[in-house]
Amino acid sequence: MHSLNYHKASNASEAARLLSGTEDGKFLAGGQTLIPAMKTRLAAPSDLVDVSGAAELRGINVSGREVTIGAATTHAEVAANGELRNVCPSICDMAANIGDPAVRHRGTIGGSIANNDPAADYPAAMLALGATIKTVSREIAADDFFVGLFETALYDDELITSIGFTAPAAGAYAKFPNPASRYAMCGVFVAKGDGGVRVGVTGAGADGAFRAGDFEAALDGEFSAEALDGLSVRAEEMLSDIHGDGVYRANLVSVMARRAVAAAN
Amino acid sequence: MSEGIGASVKRKEDKRFITGKGKYTDDIRMENQAYAAFVRSSHAHAEIQGIDASAAEGMSGVIAVLTGAQLTGDGIGNLICGWAISSKDGSPMNMGAWSALATEKVRYVGDAVAVVIAESKDEAQAAAEAVDVSYSELPVAASIVAALADGAPDIHENAPGNVIYDWELGDGDATEAALASAAHVTEMDITNNRLAPNAMEPRSAVATYDDAEDHYTLYSTSQNPHVARLVLSAFYQVAPEHKLRVIAPDVGGGFGSKIYIYPEEIVCLWASMKTRRSVKWTAERTESFLTDAHGRDHVTEARMGFDADGRIVGFKVSTKANFGAYMSLFSSAVPTYLYATLLSGTYDIPAIHCEVLACYTNTVPVDAYRGAGRPEASFVVERLMETAAREMGKDPAELRRVNFVKEFPYQTQVIMNYDSGDFEGNMNQAMEAADWAGFAARKAEAANRGRLRGIGMACYIEACGIAPSAAVGSLGAGVGLWESAEVRVNPVGTIEVLTGSHSHGQGHETTFAQVVAERFGVPLDSIQIVHGDTDKVQFGMGTYGSRSGPVGISAIVKACDKVEVKVRKIAAHLLECNPDELVLEDSQVKVPGTNKALGWHEVGLAAYTAHNLPADMEPGLKEGAFYDPENFTFPMGCFIAEVEIDPGTGKTDVVKFVASDDFGVIINPMIVEGQVHGGIAQGVGQALLEEMVYDESGQPVSGSYMDYTMPRAEDVPSFVVEHHNTRCATNPLGIKGCGEAGAIGSPPAVINAISDAIGNNDISMPATSAKVWAAIQASGTGMAAE
Ligand SMILES: Cc1cc2nc3c(=O)[nH]c(=O)nc-3n(C[C@H](O)[C@H](O)[C@H](O)COP(=O)(O)OP(=O)(O)OC[C@H]3O[C@@H](n4cnc5c(N)ncnc54)[C@H](O)[C@@H]3O)c2cc1C
């Protein structure tokens with residue numbers, strides 16, 4: 001690892017200020033993506049601004065069906081939050097299956113969506129839940145946030161502060177893990193909310209997480225696995241790698257979508 | 001006796017391992033230690049046009065930047081392959097030059113071109129990144145197909161068409177004639193997937209040159225420190241043998257990958273002389289993927305012919321083996337004498353012919369990996385047996401039963417002479433433990449749950465205890481494959497056993513001590529096993545090929561024989577009795593039924609005080625022995641795997657796994673069971689999960705745990721491990737060896753179970769979910785959508 005300067009921020013504005021003073025600094029949250037990249041010398045930031053200790057960035061607030069999750073909240077906290085589970089168990093279950101215990105106790109929702117790994121779980125949830133991503137300066141709808149592989153709508157050095165969404169009436173996440181990394185080879189998050197059914201897909205798309213519009217339309221008609229009969233995504237638009245080609249991943253999207261719907265019912 | 005042969009005593013070494021007090025190579029800290037970082041090629045095949053180290057040399061902490069030109073200039077020799085194999089036409093194998101630091105060309109991604117020695121690891125790595133190597137890229141051949149294609153680039157000048165050798169074993173004419181007359185011929189194309197060894201401890205070296213003594217010390221992650229010293233000295237000219245001490249302290253797993261002497265150890269030794277500093281290098285996991293010798297990587301066409309009764313009449317196997325960019329130390333032996341010689345399997349096959357074409361590719365060298373040749377052989381034989389049974393509409397167990405070798409010794413058509421076994425006995429035991437008869441009900445029950453259930457069998461045989469020195473010598477080996485031992489009884493009666501075997505997870509400190517404890521009737525705790533240091537232990541051949549039991553222990557037994565003779569003479573002299581009347585038990589040497597008895601320690605003391613010894617007897621109580629086996633040993637077994645497949649995703653779960661092994665005499669059943677567990681897990685890994693993939697340009701695609709799938713606990717069921725043992729007829733304790741069996745027998749069992757479940761024989765390893773799903777689509781055995 002290259003040597004660097006470490007800073008600890010106690011709140012969001014301090015974090016933003018600290019980072020703006022650096023040459024090539026980065027926010028550090030759980031470090032579960034950034035630190036491995038630094039250890040293999042794929043990333044070499046001049047400075048790290050640690051946001052994991054900023055109290056205002058942490059914690060889960062549930063008020064009626066309105067949910068707010070601080071950006072520096074860990075996956076383990078999301079998995080274990082009873083109030084959240086009461087209104088939206090699907091996101092708790094999803095978080096409980098990310099990585100391993102060490103990853104879940106360090107890794108954060110903000111870090112995960114800022115990174116936008118095409119195989120990460122949270123992006124599917126954000127799309128399906130119609131979440132709003134709040135930053136120090138603005139609010140971004142999930143539909144506009146995930147731009148491409150590892151690409152988001154965030155400006156350089158824009159800090160995510162929290163994520164908000166309305167808990168859906170029903171929802172579930174079905175994940176087929178990559179056998180090696182245990183990230184999603186295909187993860188489908190289905191949520192039946194006031195505005196209709198939303199289906200977020202991660203792991204499978206060649207351009208990253210996406211919404212399966214045809215599936216949503218069919219499920220709006222009838223929220224059952226059978227409603228998806230005969231529907232599939234286009235294999236040519238799916239990722240293809242040593243773990244599975246586009247045809248296989250397209251199949252996984254159909255199968256996982258049916259399983260998610262079955263679990264949500 | 002509760003601590004002797006047959007007792008599951010807990011492993012003596014585990015206290016230090018599980019309390020974090022093991023001493024591994026990377027734990028060694030020398031006083032003036034510097035760190036090495038290698039500059040590695042990012043191209044699979046390229047000419048080196050120049051190396052500009054000027055920027056790196058000026059960086060903080062940098063002591064030296066050394067290149068291949070300096071290395072060869074100092075007379076350091078090329079790496080070699082120590083087993084000479086000739087082609088069919090009698091020509092010798094085409095061994096290309098392999099310099100520890102590449103000089104003119106790089107031949108795989110990871111090939112080392114220079115080394116930086118610096119005060120810290122970080123400084124060394126930073127400077128290594130700053131070494132500017134200019135390359136001129138060459139066309140790449142990264143697979144067997146690419147390397148053997150017309151117009152493929154020659155990777156070594158002296159290996160036209162990238163062919164290393166074109167070898168054969170057996171009777172080609174007789175085999176073709178038998179196949180022509182066969183009532184049924186089963187033909188298959190079989191791939192044995194390339195594996196990265198992934199020992200938990202990465203390779204590491206700490207080298208120190210002492211200029212006052214002109215002497216070198218190397219701490220190294222080696223399975224065979226004496227072989228390392230010999231090769232470093234005799235072939236690489238690093239230092240004369242008596243001026244080089246090699247220590248392999250605790251070693252965290254090897255699986256074969258730590259047999260070989262790699263460029264890094266050579267370079268660390270040489271660099272320590274150049275810089276007059278101790279030089280340490282420890283591989284990062286990425287470097288392990290890039291540089292540890294990989295395993296397997298065969299493509300095979302096989303034909304097995306049967307008569308109308310289902311008896312095998314002939315077996316023809318044509319294999320192409322990928323050797324990677326250079327010939328590693330034992331690479332040539334793996335697809336030949338460790339592979340083709342096992343193609344008779346557990347069966348009486350009257351005609352066998354095997355051809356092996358070995359080739360270079362622009363990938364990391366390939367060499368022995370747990371099982372080495374025998375898993376590949378077992379996979380070919382057992383896939384063909386199972387497929388043939390299905391094609392002929394026979395029960396796979398019955399087809400095997402008809403063809404088993406039943407009388408011993410049995411001379412195969414491919415050199416090996418099986419000494420003992422009861423192959424049917426193991427199959428019966430496994431079938432019973434697996435409830436073979438009840439499978440149909442389990443399949444139906446699984447179908448109700450929407451799962452495809454399949455059952456598969458493999459009756460492997462392998463050859464361990466490699467091997468009679470004269471025999472392997474006549475087959476081209478550059479070394480003898482005996483083992484050595486010295487048994488030292490101290491004046492107080494405690495015992496040190498110096499063994500040429502090396503333990504890197506096998507538990508020798510326990511099992512070897514059990515043998516000696518039982519032999520002399522003394523407590524296990526009074527025995528210390530010493531290994532892994534060329535300054536302490538007499539020359540030994542090390543541990544690989546499951547040889548520590550059959551060969552290493554046999555040497556200890558031979559040394560114990562000699563000690564016992566002397567103990568009896570001394571005791572008989574002191575007790576005034578006949579040496580033959582004495583028994584050794586309960587820490588005493590005594591005449592049963594009398595009060596004539598000496599404490600074991602009293603005999604030791606008598607030997608060393610030498611006040612009252614028989615006339616002409618030398619003082620002391622220490623004996624050495626070399627044991628040269630008279631034959632290989634032949635562990636065998638029957639494995640039965642049951643799988644359930646999710647037809648929607650193709651994911652395979654191994655839900656049941658039964659092993660019935662014949663390991664001969666077992667010293668510590670708990671340790672043996674652990675070896676079987678680990679081996680099966682590794683075999684399940686090969687069957688379902690693991691593959692080292694290179695793309696066409698020679699870039700590794702699965703070079704990290706993000707893409708290389710290691711088996712995890714949840715990937716394997718709780719194993720049922722049974723034994724039906726017959727004594728090995730050719731060594732003193734009747735031991736056959738158990739270290740590799742699990743990895744040898746399990747891949748075909750798992751794949752046979754999958755092909756049974758999906759009704760499609762065309763499934764290759766690793767049987768990933770994607771492949772299994774595609775095979776289900778192809779065979780139309782999927783279930784209605786849920
Ligand atoms: C072994 C392992 C297994 C894993 N398995 C899974 C899995 O199954 N599914 C899955 O989804 N993920 C998985 N992950 C990734 C894990 O979820 C990480 O937590 C996540 O990718 C990054 O979160 P982090 O808090 O660790 O971010 P960090 O690594 O600290 O940062 C990641 C990136 O986000 C930026 N960043 C962090 N916080 C913010 C913020 N508030 N605003 C703006 N930018 C920010 C950082 O600057 C950096 O660029 C795994 C990781 C590991 C190591």
Side-chain angles (χ1 to χ4, degrees), chain A residues 1-4 33 36-42 44 99-100 117-119 174-183 185-188 203-204 224-232 235 238-263, chain B residues 37 60-61 120-123 125-126 128-130 193 196 198 284-287 289 450 646-652 685 688-695 700-715 766-777 782-786:
Chain A
M1 204 187 290
H2 295 271
S3 59
L4 52 85
T33 293
M38 290 164 60
K39 281 164 89 175
T40 49
R41 293 176 294 282
L42 293 171
D100 52 46
D117 188 310
K175 171 177 180 175
F176 189 80
N178 175 304
S181 71
R182 304 286 163 114
Y183 277 69
M185 224 167 119
C186 171
V188 179
S224 75
E226 291 72 39
L228 296 173
D229 281 353
L231 290 182
S232 62
M238 298 298 108
L239 272 172
S240 183
D241 61 20
I242 59 168
H243 304 289
D245 61 11
V247 173
Y248 178 64
R249 275 195 169 78
N251 166 67
L252 284 182
V253 175
S254 296
V255 172
M256 291 299 128
R258 306 171 75 91
R259 290 182 186 178
V261 173
Chain B
S60 99
S120 72
K121 191 171 177 168
D122 286 344
E123 286 167 322
Q125 282 171 341
E129 280 170 19
N193 43 328
N198 284 301
E284 298 194 330
R285 190 54 69 179
T286 309
E287 278 182 300
F289 275 107
D646 174 349
T649 63
K651 177 151 191 332
T652 300
L688 297 181
L689 306 166
E690 296 183 47
E691 183 169 31
M692 193 63 210
V693 180
Y694 285 86
D695 69 13
V701 179
S702 55
S704 86
Y705 292 133
M706 293 299 282
D707 285 300
Y708 190 94
T709 312
M710 290 293 283
R712 292 162 161 95
E714 67 178 54
D715 294 315
T768 59
S769 302
K771 272 193 214 166
V772 172
W773 181 79
I776 291 172
Q777 307 315 303
M783 297 183 162
E786 60 230 65

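Being a predicted model, the structure only gives us computed values, none of them experimental.
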Proximal component of B:Glu287, with respect to chain A [non-hydrogen, under 4.5 Å]
neither
Taking B:Val693, B:Asp122, B:Asp707, B:Thr768 one by one, which has the highest count of heavy-atom pairs under 4.5 Å against chain A?
B:Asp707
Most contact-rich option vs chain B, by heavy-atom pairs under 4.5 angstrom, among A:Ile242, A:Asp245, A:Leu252, is A:Ile242
B:Tyr708 side chain vs B:Ala196 backbone, donor-acceptor pair below 3.5 Å
yes
When rounded to the nearest 0.5 Å, the distance separating OG of B:Ser702 from CG of B:Asp695 is 10.5 Å
With rounding to the nearest 0.5 Å, note down the distance linking CZ in A:Arg249 to SG in A:Cys186.
8.5 Å
With a 4.5 angstrom heavy-atom cut-off, which part of A:Met256 approaches chain B: side chain, backbone, both or neither?
side chain
Side chain from CB out, backbone as N, CA, C, O: work out which of these in B:Met710 comes under 4.5 Å of a heavy atom of chain A, or both, or neither.
neither
Determine the minimum heavy-atom distance between A:Val255 and B:Gly648, stating which atoms define it.
CG2-O, 3.5 Å
What part of B:Glu129 lies closer than 4.5 angstrom to a heavy atom of chain A: side chain, backbone, both or neither?
side chain
So for A:Arg41, is it side chain, backbone, both, or neither that comes closer than 4.5 Å to the heavy atoms of chain B?
side chain
Atom NZ in A:Lys175, atom OH in A:Tyr183: separation rounded to 0.5 Å?
9.0 Å
What distance separates A:Arg259 CZ from A:Phe176 CZ, expressed to the nearest 0.5 Å?
8.5 Å
Is it the backbone or the side chain of B:Arg712 that comes under 4.5 Å from a heavy atom of chain A, or both, or neither?
side chain
Is any side-chain heavy atom of A:Asp229 less than 4.5 Å from a side-chain heavy atom of A:Arg258?
yes
Quick one: which of B:Glu691, B:Gln125, B:Lys771 has the most heavy-atom pairs under 4.5 Å with chain A, could you say?
B:Gln125
Let's test your reading of the structure: which of A:Ser3, A:Ala262, A:Ala180 forms the most heavy-atom pairs below 4.5 Å with chain B?
A:Ala180
With heavy-atom distances below 4.5 Å as the criterion, would you say the side chains of B:Leu688 and B:Asp715 are in contact?
no
Counting heavy-atom pairs under 4.5 Å with chain B, which one of A:Pro179, A:Ala119, A:Gly244 comes out on top?
A:Pro179
If I measure from the heavy atoms of chain A, does B:Ser704 come under 4.5 Å with its side chain, its backbone, both, or neither?
neither
Gap separating the CH2 atom of B:Trp773 from the CG atom of A:Asn251, nearest 0.5 angstrom
4.0 Å
Given a strict heavy-atom distance threshold of 4.5 Å, which part of B:Glu123 is in contact with chain A: side chain, backbone, both, or neither?
neither
